[in-house]
Amino acid sequence: MLAGKRVLLIIGGGIAAFKSLDLIRRLRERGATVVPVLTRAAEQFVTPLSASALAAEKVYRDLFDLTDEAEMGHIELSRDADLLVVAPATADLMAKMAGGHANDLASTVLMATDKRVLIAPAMNLRMWQNPATQRNLSALRGDGVLVVGPNEGDMACGEYGPGRMAEPLEIVAAVEAALMDGPLKGKHVLVTSGPTHEPIDPVRYIANRSSGAQGTAIARALAGLGAQVTFVTGPASVPPPEGVAVIAVQTAQQMLEAVQSALPADAAIFAAAVADWRMAEGAVQKIKKEVGKLPTLRFTENPDILATVSQMQAGRPGLVIGFAAETENVIEHATAKRARKGCDWIVANDVSPETGIMGGDENAVTVIGAEGAEAWPRMGKDEVARKLAARVAEALGDG
Ligand code: C5P
């Protein structure tokens, strides 16, 4: 719910601007006050009158509108809000934001604000893929700007691909997450997720069936409770959650480095399915097929990230949680794993193919801590994530 929250909605000049009118309705339905700012280009797509009528608020359009300055200056306008949302965020608006421009009302309030900013990019897919836009996106993420979308699909320009603005309800969810004042506010939680890919040669790799669904759900649930989340992910098949800092890696070694660079953290949850081995010597060139001859792959052990962090002498997170994916004697193996690795809790699950858990939507876990094992009923991975996030909040709250 967004009761009592004030959202400054900057509508950029793109065809997706019509969806922002629905966004105003959706935000208001949840109790938010929405104050629209229209760029000059936006007025080519939606009228100030429709934005104002739907918001039941005055619409701001011009930096030098003296009436507005008398009523409320642009500085005040930008600070009076709880959150600034830019939807649609065009390539031009993103470039202005990344470059620190302030030459119209929208860019000036974005520069002057002391509040968080959420952008919903929307543009032609070539514009989205253009290196300049991708550079601006990274710069904005680095500045702490939250990003929702864009989605992939048919575009108004007739092309297909990423560039469609996120749907209004997806933007509402991102707004709710950004404004969340939960029990984990002020806590930094690290989450690893997804598989790792270990190269055999430049074109082949060793992988596993992890989709990254459980780790993604955990990161989302933690962010939902107000945590600052660093999400270190291997090449997962589900997209990373909104509102978290994402570090994308390929290999176990890269994952360890990313985890170490993200510390310190109040808690760390290792949900990644890290490959146990990598090639002892990765081939620089593609291994040639030779009739009647099989290649011999020589392996070496990967670092155990969970064990490394659990056993840190200094700077160990207060709560370290590992996962144990087993196919037999689940509790026994997981209990031994908890002791061997030195983590505080192990979330154990049975990933035998007949359970359909690996790559599926559900999970049946047993949480093993110092006090023993607690079996949770089979439930959706999102629900497991929310329950685990609540436990983390309890544990960190006690400390
Ligand atoms: O030893 P096993 O792979 O079964 O342990 C699983 C747990 O250890 C998971 O939490 C996983 O994320 C973590 N792990 C790790 N680094 C590895 C192997 C596993 O962090 N190299």
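Values reported hereafter were calculated over all heavy atoms of this structure, with side chains retained and with hydrogens, waters and symmetry mates removed. In listed order, ligands and their atoms are each counted from 1.
Remark: of the listed residues Asp82, Asp80, Thr33, Asp80 is the sole one forming a side-chain hydrogen bond (donor to acceptor under 3.5 Å, both in side chains) with Arg6.
Remark: ligand 1 atoms within the under-4.0 Å shell around heavy atoms of Phe270 are 9 (C), 10 (O), 11 (C), 12 (O). Residue Ala272 has at least one heavy-atom neighbour below 4.0 Å for each of these atoms of ligand 1: 11 (C), 12 (O).
Around atom CD of Gln285, no more than 12 heavy atoms belonging to other residues, nucleotides or ligands sit under 6.0 Å away. Residue-environment remark: CG (Asp361) stays at or below the threshold of 12 foreign heavy atoms within 6.0 Å.
Between Ala324 and ligand 1, no N or O atom pair is found at a separation short of 3.5 Å. Checked against a 3.5 angstrom limit, the closest N/O atoms of Phe323 and ligand 1 fall inside it. Checking only distances, Leu306 does come within under 3.5 Å of ligand 1, N or O to N or O. For ligand 1, none of its N or O atoms has an N or O atom of Gly322 under 3.5 Å away. Residue Asn302 has no N or O atom closer than 3.5 Å to an N or O atom of ligand 1.
For Lys341, the closest heavy-atom approach to ligand 1 falls below 4.0 Å.
Ala373 and Ile331 make their closest contact through CB-CG2, 4.4 Å (heavy atoms, listed as atom of the first residue, atom of the second, distance). In terms of heavy atoms, Ala98 sits closest to Ala139 at CB-CB, 4.4 Å.
Of the protein's non-hydrogen atoms, Val274 CB, 3.7 Å is the one closest to atom 18 (C) of ligand 1. Scanning the protein for heavy atoms near atom 3 (O) of ligand 1, the closest one is Asp276 OD1, 3.9 Å. The closest protein non-hydrogen atom to atom 16 (N) of ligand 1 is Ile305 N, 3.0 Å.
With salt bridges taken as basic N to acidic carboxylate O contacts below 4.0 Å, none links Arg164 and Glu152. Between Glu362 and Lys381, none of the side-chain N atoms (NZ, or NE/NH1/NH2) sits under 4.0 Å from a carboxylate O, so this pair counts as no salt bridge.
Taking 4.5 Å as the limit, every side-chain heavy atom of Val232 sits out of range of all side-chain heavy atoms of Val191.
With a 4.0 Å heavy-atom cut-off, ligand 1 is reached by the side chain of Lys337 but not by its N, CA, C or O. Contacts between Pro303 and ligand 1 below 4.0 angstrom, taking non-hydrogen atoms only, involve the backbone exclusively.
Ring pair Tyr205/His197 is parallel by interplanar angle, where below 30° counts as parallel and above 60° as perpendicular.
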